[in-house]
Protein chains: 2
Amino acid sequence: MLKSVVGKGEATRQAVLDSATEIASRIGLAGLTIGSLATHTGMSKSGLFAHFQSKESLQSQVLARAREQFVDLVVRPALAAPRGETRVRELFERWLGAGKAGASCCLFVSAAGEYDDQPGAIRDQLVRDHLDFFESVELMFRTGISEGDFRADADPAQFAHDVHGIMLAFMHAHRLLGDPAAEGRARRAFDSLLAAARAPK
Amino acid sequence: MLKSVVGKGEATRQAVLDSATEIASRIGLAGLTIGSLATHTGMSKSGLFAHFQSKESLQSQVLARAREQFVDLVVRPALAAPRGETRVRELFERWLGAGKAGASCCLFVSAAGEYDDQPGAIRDQLVRDHLDFFESVELMFRTGISEGDFRADADPAQFAHDVHGIMLAFMHAHRLLGDPAAEGRARRAFDSLLAAARAPK
DNA sequence: CACTTTTTAGCACGATCGTTCGCTTGAAGG
DNA sequence: CCTTCAAGCGAACGATCGTGCTAAAAAGTG
């Protein structure tokens, strides 16, 4: 007979992964422990562990989950917006929104800091995700060039780098310092960036 | 008899602190363990622990040490440069150099990610350090305004935020992605920032 | 209903965590 | 030479880490 599309195990695995992603976004991917995760989900340590073959596998799946969330929340909606500057603006707004909400955004930021000097599968995965995302950003910007919104000699990679910096500075000011002016400054910096990249009328 | 200016205990405490700062800049402040630190310094766990009343105290002292290093390597040399844009440029160059070398720079970045959602003494200390540094940056920029190098209506806080973003993006690209183009992009972004802030001739 | 497979809990393991305590040691002071 | 004292070590503590093994409970299937 056909097995049900999602077994019970898969369902709880997803639920645990959700909790894990939320916890890891607060205390970091390396700081996530199986014991605390079990307590937080009301499961036994061993029962929970059975779903993940190792801690590294758990971390890897958490990272994959965060990536999904980020794509759903930020990248996909941006791609649904009209090509050109509008799409780039949408990307920024969604990204900013995700940064304010916490979740996947913070996870990538803190994980990048934790694993930038520790070779291994997790680091590799992190690098791939970052490169993929940068590529998406560059593509959106490049589309803006061919649409005539941005200057033809603008550097897409430089743009991706710059907007990434704006977001990182925003998250630090917002989450660590609790600075209420952070969002406004991020918007202002992004506007300047766009103004510099805009095609001369 | 006069006791020697620095007792033996103080000397080893400083040595341990040096090792601790270096380790913490690689694996994070929270990931630093007393056992590994003892092994790395060739001391016994208890002998080492005797110098610090608790792990939190150790972390706090490591943070203070990193702050000193950063001030010595970045802030002080900048203040020794001529007032105005030259000084701001010197700050950026030193900051970039410290970021490439690793050490204290990375520690603050990763620690900010680890403690941004974990209230306590460490987080408070981290916030104070960041605010202090931002204040220094703003002051240097403000001096540039009164020297006539920068536009009078430029926003010092916004400038500090923006250059912070450039450095964060650089460190991510340099340390996590190993991107050799990172430094050039950081310089380019900084030049654009300066160009926008410069007083009209 | 019985039966099979999947999912979970209980328990235990070696290692390591932060921390305490008592002891040895080597140098300084009288 | 004897005393004193800072400095460091060794052993041990309770807790928790990641990870297996086994049995019970639950879910799915006929």
Side-chain angles (χ1 to χ4, degrees), chain A residues 1-21 23-24 26-63 111 114-115 118 120-123 125, chain B residues 1-21 23-24 26-63 111 114-115 118 120-123 125:
Chain A
M1 212 52 227
L2 267 176
K3 278 200 53 182
S4 62
V5 180
V6 280
K8 171 104 193 301
E10 182 60 19
T12 57
R13 203 185 67 102
Q14 292 294 340
V16 168
L17 230 43
D18 274 340
S19 273
T21 307
I23 293 181
R26 287 207 317 261
I27 62 174
L29 194 56
L32 184 66
T33 82
I34 296 184
S36 70
L37 183 54
T39 305
H40 195 268
T41 55
M43 285 186 68
S44 71
K45 245 185 6 164
S46 55
L48 186 150
F49 184 81
H51 290 282
F52 313 92
Q53 297 69 28
S54 68
K55 186 183 178 177
E56 188 170 347
S57 164
L58 168 66
Q59 293 172 315
S60 172
Q61 295 184 44
V62 167
L63 216 52
E114 300 183 69
Y115 288 92
Q118 252 160 308
I122 299 294
R123 191 199 134 108
Q125 191 173 347
Chain B
M1 207 50 217
L2 267 177
K3 277 202 55 181
S4 60
V5 180
V6 280
K8 174 110 193 298
E10 181 60 19
T12 56
R13 203 185 67 101
Q14 293 293 339
V16 169
L17 229 43
D18 275 340
S19 272
T21 306
I23 294 181
R26 289 206 315 262
I27 63 175
L29 194 56
L32 184 66
T33 82
I34 295 183
S36 70
L37 182 54
T39 305
H40 195 268
T41 56
M43 286 186 66
S44 69
K45 249 190 353 168
S46 54
L48 187 150
F49 184 82
H51 291 282
F52 313 91
Q53 296 69 27
S54 68
K55 185 182 179 178
E56 188 170 347
S57 164
L58 168 66
Q59 293 172 316
S60 173
Q61 294 184 43
V62 167
L63 216 51
E114 301 184 67
Y115 288 92
Q118 252 160 308
I122 299 294
R123 191 200 134 109
Q125 191 173 347

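From a predicted model like this one, the values you see are computed outputs, not experimental measurements. Proteins come first, then strands; the chains are lettered A, B, ... in the order of their sequence lines, and each starts at number 1.
- Minimum interatomic distance between A:E56 and A:I122 (heavy atoms only, all atoms of both residues): O-CD1, 3.8 Å.
- Here C:dT7 presents its C1' atom at 16 Å from CD of A:Q14, a figure rounded to the nearest Å.
- Taking both residues in full, the closest heavy atoms of A:K55 and A:I34 are given as CB-CD1, 4.5 Å, listed atom of the first, atom of the second, then distance.
- Put simply, CD on A:E10 is 14 Å from P on D:dG28, counting in whole angstrom units.
- Side-chain contact annotation: B:S57 with B:S54, donor-acceptor N/O pair under 3.5 Å absent.
- A heavy-atom distance below 4.5 Å is not found between the side chains of B:H51 and B:V16.
- The side chain of B:H51 approaches D:dG8 more closely than any other nucleotide in the set C:dT8, C:dT20, D:dG8.
- Annotation: proximity of residues 31-41 of chain B to DNA chain D (heavy atom, distance under 4.0 Å) is found for no residue.
- The side-chain heavy atoms of A:F52 and A:Q59, taken from C-beta on, include no pair separated by under 4.5 Å.
- In this structure, the CZ atom of B:F49 is 4 Å from the P atom of C:dT19, given to the nearest Å.
- A distance-only check finds a donor-acceptor pair linking the side chain of A:Q125 to the backbone of A:S60 [under 3.5 Å].
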Under 3.5 Å between N/O atoms: give me all the protein pairs with nucleotides 9-11 of chain C, atom names plus distance.
unit_1, atom_1, unit_2, atom_2, d
C:dA9, OP2, A:S44, N, 2.9
C:dA9, OP2, A:S44, OG, 2.9
C:dA9, N7, A:S46, OG, 3.4
C:dG10, N7, A:S46, OG, 3.0
C:dG10, O6, A:S46, OG, 2.8

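- Between the side chain of B:T39 and the backbone N or O of B:G35 there is at least one donor-acceptor pair closer than 3.5 Å.
- Here the P atom of nucleotide C:dC21 and the CD atom of B:Q53 are 14 Å apart, to the nearest Å.
- Residue B:E56 contributes atom CD, which lies 18 Å from atom P of C:dC17 at whole-angstrom precision.
- Regarding contacts with the backbone of D:dG18, every side-chain N or O of A:S54 stays at 4.0 angstrom or more from both OP1 and OP2.
- Between B:G31 and B:E114, the closest heavy-atom pair is N-OE1, 4.2 Å.
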